[in-house]
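One structure below.
Sequence lines set the chain letters: A, B, ... in the order given, protein chains first and strands last, and positions in each chain run from 1. Keep in mind that what you see is a predicted model, and the values were worked out from it rather than measured.
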4 protein chains.
Amino acid sequence: MEDVLVRVIDKPQLKDPVLVEGLPGVGNVGKLAADYLRDQVKAVPLASVYSKFLPPQVYVSEEGIIRLVSQELTYRRATKAGERDLIILGGDYQGISPEGQYELTHQVLAFCAGLGVREVYTLAGFAQGHVVEQPKVLGAATSAARVEAMKKFGVVFSRNDPGGGLIGASGLFLGLGRTFQMEGVCLMGETSGYFVDPRSAEAVLKVLTQVLGLSIDFSDLEAKAKEIDRIAQKIHDAEQRPSESSRETPREDLGYIG
Amino acid sequence: MEDVLVRVIDKPQLKDPVLVEGLPGVGNVGKLAADYLRDQVKAVPLASVYSKFLPPQVYVSEEGIIRLVSQELTYRRATKAGERDLIILGGDYQGISPEGQYELTHQVLAFCAGLGVREVYTLAGFAQGHVVEQPKVLGAATSAARVEAMKKFGVVFSRNDPGGGLIGASGLFLGLGRTFQMEGVCLMGETSGYFVDPRSAEAVLKVLTQVLGLSIDFSDLEAKAKEIDRIAQKIHDAEQRPSESSRETPREDLGYIG
Amino acid sequence: MEDVLVRVIDKPQLKDPVLVEGLPGVGNVGKLAADYLRDQVKAVPLASVYSKFLPPQVYVSEEGIIRLVSQELTYRRATKAGERDLIILGGDYQGISPEGQYELTHQVLAFCAGLGVREVYTLAGFAQGHVVEQPKVLGAATSAARVEAMKKFGVVFSRNDPGGGLIGASGLFLGLGRTFQMEGVCLMGETSGYFVDPRSAEAVLKVLTQVLGLSIDFSDLEAKAKEIDRIAQKIHDAEQRPSESSRETPREDLGYIG
Amino acid sequence: MEDVLVRVIDKPQLKDPVLVEGLPGVGNVGKLAADYLRDQVKAVPLASVYSKFLPPQVYVSEEGIIRLVSQELTYRRATKAGERDLIILGGDYQGISPEGQYELTHQVLAFCAGLGVREVYTLAGFAQGHVVEQPKVLGAATSAARVEAMKKFGVVFSRNDPGGGLIGASGLFLGLGRTFQMEGVCLMGETSGYFVDPRSAEAVLKVLTQVLGLSIDFSDLEAKAKEIDRIAQKIHDAEQRPSESSRETPREDLGYIG
């Protein structure tokens, strides 16, 4: 079989579309943000990406129906002046090997280049190792001009962070994007790195929507963030009372959000 | 060499054949069921599948004759009204890497598509982590219509199981089968997950044979199930008497069944 | 680069040549035997096999000259009636992944098939887990006729050994050899599995040379075997006197033989 | 995507150029030496090498600008009689799998062969496991003539070192270079193996520049070596005073040099 199978669902003519990438990763920040954006702007299916570089796995819905793991491209046309045509990449997994990361990223970029994409925004979490009450959004970009442009939206470019660079899809979409003459920016929401973080996703999305001139409703994402806060507080409380039954510690609930 | 080598043994004309997959996995349920079905319906060799994605290994028979590890396709024509032409896939191993799983599954499906297969049944075990006296058969399918159809045969579609989806060949044959326009069902027999489980295989086969309108004799499989029960009981008894010699604990016998 | 690079050194016309394989493995028995046979019959270079499925490594000679790790094919024509033209495969490593094992074996077999090889003898060690004073030679073969033929040379075909089959090149050359219409035999010398074993290699070679109608001098191999015995005895003695300085324990010397 | 992507930046006509390789490895000796040479002779960009066999990673500069990890080829023409045209290979990583090592090395060699390279010098560290005050330079070469030539420059060819051969790019560039009819030498600076070692890099470069008839200034490299000495001394002192605060131990500083 082909290493990467891009199954085209729709063939729209798009006008200078921008690609927004948000795959699972640190704090699931990128995926939470991309999926939320997709739902809020009512993006519609563009293509499904299957690959031998994803796990050999199907998910089963509550109704018992299987679905092969994939990355999913959706799109949404600009609805008014100031907006841009959007392509959004979400999915179940990043590629599960270094080679797979490269191959998947390359093929998705090649497909998007064919649709006219010249600009990429990648969304990710930046693990701080401690709880962050007010997550800042860190940035990295393909050019000095883009760095300056992002600073105006409050994006922080730190001399030291991220020190070791970016590993995974969010960096690779920018790095390989250069081989397609694409420019781009990575927006990284600060997060503890210990659980899924809708608040960090919200911080990232607030920057992105300003940059793209979009206006969306954040109330569902805020509700998710509060639910996580509540669960985290319960865990914290439970850990303060070690003598009680562990039955009350709802740690597993954290995996459900997302 | 080719990644996957399908060595064709016979070239039958089949009429709307259904593919039944049962490879090694949890409790060896799928393989036990598929091999038993093959023997009972006297399916004959169709093709051998060799691959660099299987271990570099040969088995040696009691007579000293080697055999390269493989997956084996057999077939059996309908013998009366209400039956279907069958293709059965068994084998020594699933692919030994994620990439290998995809490649082997794709190639077997491509071969079967060439023979007219449009429907796939995959057989597997579902590990419950505890002994199951009366194993239920859980299901997952490619469409709501198939889910409903299977419920009539007593297949259980649980809202929560399998929670993480299906990993391995049984899921992948359905997921990749969709790219060949095949519909399908996965039948999962409940099992402890601790040893090979002919009783779970029997539960799965009882559903499958009803669905396919086949009538087979289950007595050999029941005999195997009783032998496992007997061994499990001996182990249990031995563990209740820790002071005795471990020499009597026939734990290794369990690997022999199957 | 090509996955496997067969660099041809000589292009002899050979008459019904037999391939003898002996690569590193258990007790290094196969490699010791194949290299000794090559030296005794004065086989000359036929081809070097380089591959990305071997380690990225060069060896450095005592003179400081590098050599890329490889597998080496040599050949030797029959010198009198009753002998056969020989191709001998030795080398530094087996393939370092399952896929690499398949690919290397396939390519070497394809090259040998082009030279007319229809028969393969693979040489290996069989780990018994304890010291074996008089190593027997166990066998496995591609047909019942070959099993019978080998029994006449004292080869033991055990109902239970090797129980899990053969893993690695010695099995794969027979298994994949079948896809080239080659017949073959694996000769396995019993060995402890704890160190290199020239005595086991000698046992294997004595069978092989009888089968192939060759007459060679075993005195160098016997000298090596005695040297191993001497070192093993010293280790054994040293372990009986734990109070002495470990400086005297020449365990590392064992790696040198071979 | 292609396994290895050589993005050509300049297309110079070079006259019998020599390739100098120095990638990350033991003590980072090879990379330190190659990068220092590049800076001192003011080599200019020739080609960037990207590959799925490098990590899926981008680095971020202090200004926030991303750069995909790569290997970098630079070149510098001879500036006077006695000098040679130079091609220098540096980079962020060696290939991250055995297969990747072979593929990257092969492709870089193929590109360099196209530019007329027939001679390769590889630079590396040789881990001694203890601090080496006056590092010697060990050698390995593709021919006896080159061994003799190198001895005149003080290169040590030891009967026993390196015992297990050379693993990684420095060996492979010579080993695979032979398949391109290239001759070559590996120069290995003795180093402890515990931290980056500019002093060892200097020893290697002093030999290399003499061999190539180059004259460069070593003062910056010596300054780096002294900085490492100073840090190593501080660590040593701190470890002699275990009762003090660990806050003063600047072990992490060591990673910064390089």
Side-chain angles (χ1 to χ4, degrees), chain B residues 1-9 23-24 28 31 45 47-73 90-107 111 196 250-258, chain C residues 3-4 53 94-110 120 122 124 126 138-151 155-180 183-188:
Chain B
M1 66 177 289
E2 293 166 272
D3 285 352
V4 177
L5 180 63
V6 180
R7 202 172 167 198
V8 177
I9 298 166
L23 290 168
N28 233 16
K31 179 173 168 57
S48 294
V49 181
Y50 303 108
S51 175
K52 62 172 72 161
F53 297 123
L54 297 174
Q57 183 180 2
V58 296
Y59 283 113
V60 183
S61 74
E62 292 191 353
E63 292 75 31
I65 298 174
I66 63 101
R67 177 178 70 74
L68 184 57
V69 297
S70 66
Q71 294 180 355
E72 295 293 328
L73 287 159
D92 300 308
Y93 288 98
Q94 296 194 19
I96 57 173
S97 66
E99 185 181 350
Q101 289 268 22
Y102 272 93
E103 199 59 57
L104 271 163
T105 302
H106 175 86
Q107 300 271 8
F111 177 78
V196 296
R251 193 181 291 272
E252 286 171 22
D253 291 8
L254 286 167
Y256 176 72
I257 307 296
Chain C
D3 284 352
V4 177
F53 296 124
Q94 297 194 20
I96 57 173
S97 67
E99 184 181 350
Q101 289 269 21
Y102 272 92
E103 199 61 56
L104 271 163
T105 302
H106 175 87
Q107 300 270 7
V108 169
L109 284 170
V120 186
T122 66
F126 183 79
L138 305 180
T142 52
S143 68
R146 297 212 165 241
V147 170
E148 291 314 308
M150 287 301 115
K151 284 181 181 171
V155 178
V156 177
F157 289 83
S158 160
R159 189 185 169 90
N160 296 319
D161 285 335
L166 311 174
I167 297 174
S170 286
L172 208 53
F173 267 86
L174 301 188
L176 282 180
R178 297 298 300 125
T179 68
F180 290 93
E183 296 286 338
V185 171
C186 179
L187 299 174
M188 291 163 277

Task: Sub-4.5 Å side-chain heavy-atom contact between B:Leu68 and C:Leu172 - done: yes
TODO: With the side chain counted from C-beta on, respond yes when C:Leu176 and B:Met1 share a heavy-atom pair under 4.5 Å apart, and no when they do not.
DONE: yes
Task: Distance, nearest 0.5 Å, that separates CG of C:Leu104 from NZ of B:Lys52 - done: 10.5 Å
Open item on the list: For C:Leu166, is there any backbone N or O sitting under 3.5 Å from a side-chain donor or acceptor partner on B:Tyr59?
Closed with: no
Task: Contact class of B:Leu54 relative to chain C, heavy atoms under 4.5 angstrom - done: both
Task: Contact class of C:Phe157 relative to chain B, heavy atoms under 4.5 angstrom - done: side chain
Open item on the list: Looking at chain B, which one of C:Gln101, C:Gln107, C:Glu103 has the largest number of heavy-atom pairs inside 4.5 Å, strictly under?
Closed with: C:Glu103
TODO: Locate the shortest heavy-atom distance separating B:Phe53 from C:Glu99; write the atom from each residue and the value.
DONE: CE2-OE1, 4.2 Å
TODO: Select one option (side chain, backbone, both, neither) describing which atoms of B:Arg7 are under 4.5 Å from chain C's heavy atoms.
DONE: side chain
- [ ] Select, from B:Leu5, B:Val60, B:Ile65, B:Asp3, the one with the greatest count of heavy-atom pairs under 4.5 Å involving chain C.
- [x] B:Ile65
- [ ] Quick one: which of C:Ala140, C:Ala144, C:Ala141 has the most heavy-atom pairs under 4.5 Å with chain B, could you say?
- [x] C:Ala141
Task: Approximate separation, where rounding is to 0.5 Å, of C:His106 NE2 and B:Tyr50 OH - done: 14.5 Å
Task: Part of C:Ser143 lying under 4.5 Å from any heavy atom of chain B - done: backbone
TODO: Find out whether C:Cys186 and B:Ile66 are in side-chain contact, i.e. whether some heavy atom of one side chain is under 4.5 Å from a heavy atom of the other.
DONE: no
Task: Choice from B:Pro55, B:Ser51, B:Pro56 maximising heavy atom contacts with chain C below 4.5 Å - done: B:Pro56
